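Notes follow the structure.
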Number of protein chains: 2
Amino acid sequence: MAKRTKNDELAQLARNVNMADVARAAGVSMATTSRALNDQPGVAPATRERVLEVARQHAYVVSPAASTLSGGATRRIAVVVPHLSRWFFGEVLEGIDATLRGAGYDLMLYRVGEGADRDSFFELLPARRKVDGVLVVGIPASEAEQERLTTMGVQIVAAGGQVAPYPTVSIDDHGAGRQAVNHLVNLGHRRIAMIDAIDPNASHWPVAGRALAFTEAREERDLDPDPELFQRVPWSARHGAEAMAALLALDEPPTAVLAHSDELAIGALHTIRRAGLDTPRDISVVGIDDHPLSEELDLTTVRQDVREQGRLAARMLLDGLAGLDQAPWTVLPTRLVIRGTTGRPRQG
Amino acid sequence: MAKRTKNDELAQLARNVNMADVARAAGVSMATTSRALNDQPGVAPATRERVLEVARQHAYVVSPAASTLSGGATRRIAVVVPHLSRWFFGEVLEGIDATLRGAGYDLMLYRVGEGADRDSFFELLPARRKVDGVLVVGIPASEAEQERLTTMGVQIVAAGGQVAPYPTVSIDDHGAGRQAVNHLVNLGHRRIAMIDAIDPNASHWPVAGRALAFTEAREERDLDPDPELFQRVPWSARHGAEAMAALLALDEPPTAVLAHSDELAIGALHTIRRAGLDTPRDISVVGIDDHPLSEELDLTTVRQDVREQGRLAARMLLDGLAGLDQAPWTVLPTRLVIRGTTGRPRQG
DNA sequence: CACAGTTTCGGAAACGTTTCCAACACCTCC
DNA sequence: GGAGGTGTTGGAAACGTTTCCGAAACTGTG
């Protein structure tokens, strides 16, 4: 009999149960059923219990389409990212997913690169009748695109990016750069290089955040102002390696290197190894991120809590949807993690 | 005047335009408007053009909720993954997203770990009225869970995983292991170790695919059968490093190591470095995946096209939705990429 | 018991699209 | 001209839920 009941239940899943079925079985109206299932006031506790039990027995799930059409809310959030296979975005998504899931929201993913996809997304905003809110992650959106986005008529929060006309979450990017460069200065380095990252998909990339901290420190702390020490390359370990090779080919190589991200730092480390040099004996390297591989590589780095950024961004969006107050701008601190790739400069 | 037109358009986006508005402006009925917008037959070309132009001028987008409620199709695909921040899943998602986007489908992301989330997902199948199909990626689903999934009444395709009662895409996992171990054998290695990966979230992890190829090769090719040479650890660079340390602590360390994935291999490489040893001079290392960092690390590895798996899986699902024939099981080949971490065993 | 206030309940309209089928228009052939 | 076939069009019903508002039931007080 147990086997037969299981089969009946399976068959019932295939034939979707509607609220009308639940109402009939519970002996109440559609309106009462809806109120009971949606935890709305105006239902006697005993009636509510009965309806919930009948719904459970029928394995009833609401029709999201009918619910949205009638009540307006989609209970879906769009997450817009420029890349999927890079660590940062996967990590943010972990935080976002957990928070949305906990609140009963679904996550719709939009990977928006360049060209037709991007034009289509920002021009017509096709997502606007599909979601209640949008989380924009690390998209180098132009001011026009940002403004366009606000016309969607949905809540927007940005993470991991730049100033925008909607609430944002980010790390103290400038502070992170500051921590890294100060660490090197305090070790005694004066000829310090930076390998900065540019987004291969962005049309321009102003000197801001981490890079700005570096250029400012050069002036304030009397560091070597050699422009050759400021390298800007597309992010990837390989480009980091190539930039490090260019730095090692200078008449006077730097004694320390600040890399925009751990991925660039990893590439730089391997160029150093291949050149027969070592950290921190011959040259110091510090990254930013604390990527999972950094601990294994013993890389000194500035840690940012990427997952927390995702959680916070989602939290802020949900608060906005619930009509609660939103902080317009939340900045997470970063923390210097000293490992084995930084030390005092070599004498002479 | 140009500024004023732009503002009118922006205001119009905020107030959603419905199909009734388009029909009225085009001077046709709702039925004709729907046919024209959906590329259905039974509309005169001139009428269709007129409707399309009016829709474009009004920046009309359909109400997905009304469309789904009326026509049944959601045009959404669920992608179910056990992790988000690991490279493999980001890479698969890139391929999936591109293919779904091209076909006009939206991607809904479900990260299903362990515990309540997982029970909820597989038990009640809440996604079943939300999507037209499901792509299951790298989920170590039990047979009961797989069977349960088929009761959703939607198309299902799996990628990067195991045998299932629905179409699947994977690499030739066994072949990949074979390529790696053969490469080492052909270099002359006989005392070969394997660092195998287990999913920290799975309750069991049978010796299959790559690991099976290793254990079979030991018997067929007369390799050293020492059971200490078969290490199984949770995937991560750190666990790879620890397993490598255990192997180096043996009375007679292996002359070569096959790692289940490049991440494990990277960890192993660093233990080797820290022990003052080098590849391939002292010991050979081969991984599987061709992770982006592997080229930079000069790691010999077996390459799998992860993004192509995503594309294929999505393609197969869309074909199923379109009523086309689906191959029940598609296997992608892998390719050995020889770099600098493998060489002949040291003499003596 | 009567009255007032509160809680619960149910019917019907609304939401915005899709699609079936009847009606009409047009064309071709005998 | 009439018959038959083809293409186009439009009205109405359906989809499954939510919510407004009137009616009924219940509770407490004098």
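The shown structure was predicted, so the numbers you read here are calculated from the model rather than taken from an experiment. By convention in this document, chain letters (A, B, ...) are assigned in the order of the sequence lines, proteins followed by strands, and residues within each chain are numbered from 1. Heavy atoms only: backbone and side chains are in, while hydrogens, waters and symmetry mates are out.
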>> How many whole angstroms separate atom CZ of R24(B) from atom P of dT17(C)?
In response: 12 Å
> Run the side chain to side chain donor-acceptor pair (under 3.5 Å) check on N18(B) and Y60(B) step by step: do they pass?
Replying inline: CA-CA 7 Å; N18(B) 289 333; Y60(B) 167 75; over 6 Å; no
> To the nearest angstrom, how far is Q40(A) atom CD from dC9(C) atom P?
Replying inline: 14 Å
Can you tabulate the close N/O pairs, meaning under 3.5 Å, that link protein atoms to atoms of nucleotides 8-11 of chain D?
unit_1: dT9(D); atom_1: OP1; unit_2: T47(B); atom_2: OG1; d: 2.7
unit_1: dT9(D); atom_1: OP2; unit_2: A44(B); atom_2: N; d: 3.0
unit_1: dG10(D); atom_1: OP2; unit_2: S29(B); atom_2: N; d: 2.8
unit_1: dG10(D); atom_1: OP2; unit_2: S29(B); atom_2: OG; d: 3.2
unit_1: dG10(D); atom_1: OP2; unit_2: T32(B); atom_2: OG1; d: 3.0
unit_1: dG10(D); atom_1: N7; unit_2: R35(B); atom_2: NH2; d: 3.0
unit_1: dG10(D); atom_1: O6; unit_2: R35(B); atom_2: NH1; d: 3.1

> Could you state the CG-C1' distance from D39(B) to dT19(C), rounded to the nearest angstrom?
Replying inline: 16 Å
>> Taking salt bridge (charged side-chain N to carboxylate O under 4.0 Å, His left out) as the definition, give me every residue that meets it alongside R35(A), ordered by chain and number, with sequence neighbours left out.
In response: none
>> So which atom in I156(B) and which in L149(B) form the shortest heavy-atom distance, rounded to 0.1 Å?
In response: CD1-O, 3.2 Å
> Is R148(B) paired with E145(B) through a side-chain N to carboxylate O contact shorter than 4.0 Å?
Replying inline: no
>> In whole Å, I'd like the distance from the CZ atom of R128(A) to the P atom of dG16(C).
In response: 13 Å
> Do the side chain of E94(B) and the main chain of L84(A) share a donor and acceptor less than 3.5 angstrom apart?
Replying inline: yes
>> My understanding is that only residues two or more places apart in sequence, or in another chain, count here; which of them pass ring pair (Phe, Tyr, Trp, His ring centres under 6.0 Å) with Y166(B)?
In response: none
> Rounded to whole angstroms, how far apart are CG on L37(A) and P on dG16(D)?
Replying inline: 16 Å
> E91(B) side chain to S85(A) main-chain N or O, any donor-acceptor pair under 3.5 Å?
Replying inline: no
>> Classify R129(A) by what it touches in the nucleic acid, base, sugar-phosphate, or nothing, heavy-atom distance under 4.0 Å.
In response: sugar-phosphate
>> Which residues in residues 67-75 of chain A have a heavy atom closer than 4.0 Å to any atom of DNA chain D?
In response: S67(A), S70(A), G71(A)
Table of protein N/O atoms under 3.5 Å from nucleotides 24-28 of chain D N/O atoms:
none

For residues 39-49 of chain A, run the donor-acceptor check on the side chains, cut-off 3.5 Å, and write out each pair with its distance to 0.1 Å, sequence neighbours left out.
unit_1: R48(A); atom_1: NH1; unit_2: A36(A); atom_2: O; d: 3.4
unit_1: R48(A); atom_1: NH1; unit_2: Q40(A); atom_2: O; d: 3.4
unit_1: R48(A); atom_1: NH2; unit_2: Q40(A); atom_2: O; d: 2.9

>> Looking at D106(A) and K130(B), is there a salt bridge between them, counting it only when a charged N and a carboxylate O are closer than 4.0 Å?
In response: yes
>> In this structure, how many angstroms lie between the C1' atom of dT8(C) and the CZ atom of R48(A), rounded?
In response: 11 Å
> Would R311(A) and E308(A) pass as an ion pair if we require N to O under 4.0 Å?
Replying inline: yes
> With sugar-phosphate meaning primed atoms plus P, OP1 and OP2, does S34(B) contact a base, only sugar-phosphate, or nothing at under 4.0 Å between heavy atoms?
Replying inline: base
>> Measuring only between side-chain heavy atoms, which start at C-beta, is V154(B) closer than 4.5 Å to D132(B)?
In response: no
>> Using whole Å, what does the distance between atom P of nucleotide dT19(C) and atom CG of N38(B) come to?
In response: 7 Å
> Is the shortest side-chain N/O distance from Y60(A) to OP1 or OP2 of dT17(D) below 4.0 Å?
Replying inline: yes
